[in-house]
Each structure stands twice: as structure tokens, then as C-alpha cells.
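Accompanying notes for the structure given below.
Keep in mind that this is a model prediction, so the values were computed, not measured.
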Amino acid sequence: MGELDTGVVFAGVGEPLIRVDALLETVKIVKEQRNAIRFRINTNGLYGSDATSCVVSKLIHSGVVVTNDQDQRRDSRIDCISVALMCDNPKAYDDIMKPQIKGGK
């Protein structure tokens, strides 16, 4: 993470929020070492309702996600969560995306 870096994005093959605890711990470790590192999460947002509420609660109560319009530029925090809505239910997701693990889990 050099001076010209624009931040860190959690994305790629797979769903980063499946490992929400590890993701938040990573942000906390970086926050202790460096200021003003911007984090972003790219997610497909497809979970069962119980899992979704648990992930959202963990994000909101973590202390490392910007949850209002305060100026957070000096803090290392997650300031953007992008949700790609590829379909409206787990079965359609399995049919379209053909994941190795079925059911959006």
C-alpha cells in the first residue's frame, strides 16, 4: 500500500462476505497500522435471510464501516459496498452462475 494507492477492494472469484469475520479482522489490522486506507467490498449479496441479517449486523457493529455521512478520510474504513444483483433468488443464481457450491452458500 503505497502513497498513490486508491484503496483495497475485497472481490474476485467467490463471495467475500462468506468470510465476513476474516474480512473485518483484516480491516482492523490495517487500521491499526495505517490511516486513510479506503476499503470497498464487491458482493453478489445473495444469502439466505438469516445469513444476510447476520452479515449486515456484523458490518454495522464492527466499527470499521462508514455508516453515516461523516468525513472519514483520515480513518481506514470500509466506505463502499457494491452489490451486483445477478438474479432474485438462489435457484436462479445457481442456474445462471453455475457455482460449485449450490444454494448461494
Side-chain angles (χ1 to χ4, degrees):
M1 289 183 261
E3 291 180 27
L4 300 178
D5 288 343
T6 58
V8 176
V9 179
F10 293 103
V13 178
E15 171 52 53
L17 292 179
I18 288 174
R19 305 281 186 256
V20 68
D21 294 324
L23 185 149
L24 293 172
E25 184 63 24
T26 300
V27 175
K28 288 175 184 177
I29 290 168
V30 172
K31 182 179 177 178
E32 290 174 5
Q33 303 294 318
R34 299 280 305 268
N35 289 330
I37 303 297
R38 296 178 61 202
F39 289 87
R40 186 173 84 225
I41 300 170
N42 290 348
T43 175
N44 65 23
L46 192 62
Y47 291 101
S49 59
D50 292 339
T52 300
S53 62
C54 180
V55 168
V56 171
S57 179
K58 284 182 179 186
L59 289 169
I60 290 171
H61 295 99
S62 68
V64 296
V65 176
V66 175
T67 57
N68 56 37
D69 61 356
Q70 270 185 312
D71 184 359
Q72 302 288 340
R73 289 177 288 181
R74 292 186 180 164
D75 292 331
S76 290
R77 295 195 181 207
I78 299 168
D79 65 354
C80 179
I81 300 175
S82 301
V83 181
L85 299 175
M86 297 169 204
C87 60
D88 65 348
N89 65 70
K91 182 178 179 340
Y93 179 84
D94 288 346
D95 292 345
I96 295 168
M97 301 303 294
K98 313 244 184 282
Q100 292 181 355
I101 300 172
K102 302 290 182 182
K105 297 178 184 175

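The side-chain heavy atoms of Arg77 and Val27, taken from C-beta on, include no pair separated by under 4.5 Å. Here the side chains of Thr26 and Val8 are not in contact, with every heavy-atom distance at 4.5 Å or above. With a 4.5 Å cut-off on side-chain heavy atoms, Val55 and Ile18 do not count as touching.
Between Asn42 and Pro16, the shortest heavy-atom distance links the atoms O-CG, 3.1 Å. Residues Ile37 and Arg34 approach most closely at CG1-CB, 3.8 Å, considering heavy atoms. Heavy-atom minimum distance, Ser62 versus Lys28: O-CE, 3.5 Å.
In this structure, Lys91 places its NZ atom where only 12 or fewer heavy-atom neighbours from other residues, nucleotides or ligands lie under 6.0 Å away.
Atom CZ in Arg40 sits 9.0 Å away from atom CG in Asp79 (nearest 0.5 Å). If you take CD1 on Ile41 and CG on Leu24, they are separated by 7.0 Å, rounding to the nearest 0.5 Å. Between the OG1 atom of Thr43 and the CD atom of Glu15 there is a distance of 3.0 Å, given to the nearest 0.5 Å. To the nearest 0.5 angstrom, Leu17 atom CG is 11.0 Å from Lys58 atom NZ.
One hydrophobic cluster, built from ILVMFWY side chains closer than 4.5 Å, cannot hold both Val56 and Val64; they sit in different ones.
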